[in-house]
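To find a chain, count down the sequence lines: A is the first, B the second, and so on, and within it residues start at 1. As the structure is a computational prediction, the values presented were derived from the model and not from experiment.
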Amino acid sequence: MKLAAWNVNSLKARLPHLQQWCAQAAPDVLALQELKLAQDQFPEAAIEAAGYHAVWAGQKTYNGVALLSRSAISEPDFGGELDAKEQRRVVSGTVAGIRVVGVYAVNGQAVGSEKYRFKLDWFARLHAYLREQLASYPRLVVMGDFNVAPKDIDVHDPQLWHEQVLCSTPERSALNDLLALGLHDSFRLLHDTPKLFSWWDYRELGFRRNRGLRIDLALVSDALRPLVKAAGIDKEPRKWERPSNHAPIWVELQDG
DNA sequence: ATGGTGGTGCGACCA
């Protein structure tokens, strides 16, 4: 089973890329972030035509998340407490015996800002939510845009980013608290290569200069860890015309 | 080259 996550930065703007990528990468499950469209604006027919069931939490202009799956999605959930302040950032569902949680973490703007404090608070609530989810569903994947680069190896220039937002110690601690629940960064189970990123700023020729961060992650629970057989980041769509600023990431699990 | 972006939605905010 191939599971993927992609921050599309507007589903309306990126629908052609989504269709193209699904056709060639053929993920069984795909979590989308930053839909940037209202609940009733979701392109349900196009997603269905591409061969996917979907559940989603839409929001006009900002945020918004979806979970797409080749097979049926049961027990959908939208994060409860995490939807405070009406920001739609979490979508969960069960697919073929695996619980999948798609997340779009708060960006945080700048260390010390009001949005940064909200980010840390949001991660604390995500921690509580994932603890509950794990108790009910030991076979769990949490994937999406975490807006945190776990370690310096995930940063193009650690000096430049030192204690900056997306890389600061409190943010990394919040991410480590999630991992301490019994979750594992699937990419790092298999790769220790530096300079492999999932996001590059549109500004300052970020992609061309490979000035990026690895902030999009697929975390697998203890129960699923032995089943991880491959994981990666697909940079191709970032090269297409009018791309998202994020690349899709994926993890492949053995059946069983 | 001392500048270089993009989405939403029409000015300003967000990333």
Side-chain angles (χ1 to χ4, degrees), chain A residues 5-21 31-43 46-47 56-66 82-91 102-123 126 143-150 154-157 160-168 170-172 174-175 197-217 233-249:
Chain A
W6 194 5
N7 180 326
V8 291
N9 186 21
S10 167
L11 182 53
K12 276 180 200 165
R14 225 65 63 201
L15 187 58
H17 283 203
L18 177 71
Q19 290 163 320
Q20 176 69 31
W21 191 73
L32 300 176
Q33 297 86 46
E34 285 208 88
L35 305 183
K36 294 187 172 180
L37 47 75
Q39 185 70 14
D40 62 1
Q41 298 288 103
F42 189 83
I47 298 297
W56 65 94
Q59 182 185 334
K60 185 173 148 67
T61 310
Y62 301 116
N63 311 312
V65 288
L82 283 161
D83 264 349
K85 297 200 177 182
E86 299 175 353
Q87 299 188 9
R88 314 309 306 273
R89 297 180 176 276
V90 177
V91 56
V103 298
Y104 171 51
V106 175
N107 173 281
Q109 194 177 53
V111 173
S113 67
E114 182 60 39
K115 290 193 177 80
Y116 181 80
R117 285 186 287 277
F118 177 67
K119 179 179 193 172
L120 295 179
D121 185 57
W122 187 86
F123 265 92
L126 178 62
M143 58 183 177
D145 178 359
F146 284 77
N147 267 317
V148 179
D154 303 305
V155 180
H156 70 89
D157 185 344
L160 183 69
W161 283 88
H162 180 70
E163 294 301 338
Q164 299 299 302
V165 74
L166 312 185
C167 298
S168 74
E171 290 165 89
R172 286 177 170 174
L175 181 62
F197 309 127
S198 65
W199 168 86
W200 303 260
D201 203 308
Y202 284 125
R203 297 164 289 192
E204 301 174 343
L205 305 173
F207 186 66
R208 267 204 273 167
R209 301 199 285 171
N210 198 30
R211 294 171 71 84
L213 303 176
R214 194 176 67 90
I215 56 177
D216 300 271
L217 312 172
I233 304 169
D234 189 353
K235 282 176 72 167
E236 273 312 302
R238 189 65 175 77
K239 301 173 185 169
W240 298 347
E241 195 176 345
R242 285 190 44 180
S244 167
N245 44 0
H246 294 253
I249 60 131

What residues, two or more places apart in sequence or in another chain, satisfy ring pair (Phe, Tyr, Trp, His ring centres under 6.0 Å) together with Tyr116(A)? none

Applying ring pair (Phe, Tyr, Trp, His ring centres under 6.0 Å), name anything that partners Trp122(A), two or more places apart in sequence or on another chain.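 So Trp122(A) forms no ring pair (Phe, Tyr, Trp, His ring centres under 6.0 Å) with any residue.
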
Would you measure the distance from the [atom1] atom in [N] across to the matching atom in [M] and give it in whole Å?
| N | M | atom1 | value |
| --- | --- | --- | --- |
| dG6(B) | dA1(B) | P | 23 Å |
| dT8(B) | dG4(B) | P | 23 Å |
| dG9(B) | dC13(B) | P | 15 Å |
| dC14(B) | dC10(B) | P | 15 Å |

Length of the [atom1]-[atom2] vector between [X] and [N], whole Å:
| X | N | atom1 | atom2 | answer |
| --- | --- | --- | --- | --- |
| Lys115(A) | dC14(B) | NZ | C1' | 7 Å |
| Asn245(A) | dC14(B) | CG | P | 16 Å |
| Arg238(A) | dA15(B) | CZ | P | 17 Å |
| Asn107(A) | dC13(B) | CG | C1' | 12 Å |
| Asn63(A) | dC13(B) | CG | C1' | 13 Å |

Its dot-bracket string being built from Watson-Crick and G-U pairs below 3.5 Å, with | for another strand and [ ] for crossing, DNA chain B has the pattern ....((((...))))

Return yes if some donor-acceptor pair links the side-chain N/O of [X] with the main-chain N/O of [Y] below 3.5 Å, else return no.
| X | Y | result |
| --- | --- | --- |
| Arg238(A) | Ser244(A) | yes |
| Glu34(A) | Asn7(A) | no |
| Arg209(A) | Glu204(A) | yes |
| Lys12(A) | Gln41(A) | no |

Tell me if dG4(B) is syn or anti. Syn = glycosidic torsion within 90° of 0, anti otherwise.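 Base orientation: syn.
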
Holding to side-chain contact (heavy atoms from CB on, under 4.5 Å), I want the full list of residues that pass it with Gln164(A), two or more places apart in sequence or in another chain. Trp161(A)

Taking salt bridge (Lys or Arg N to Asp or Glu O under 4.0 Å) as the test, write out the residues that go with Arg88(A), two or more places apart. Asp83(A)

For Trp56(A) and Phe42(A), take the angle between the two ring planes, folded into 0 to 90°, and tell me which bin it lands in: parallel under 30, tilted 30 to 60, perpendicular over 60. parallel

Readout for nucleotides 2-11 of chain B: B = base within 4.0 Å of protein heavy atom, S = sugar-phosphate only, - = neither; 5' to 3' it is ---BSSSS--

So Phe207(A), base contact, sugar-phosphate only, or nothing? Heavy-atom distance under 4.0 Å. nothing

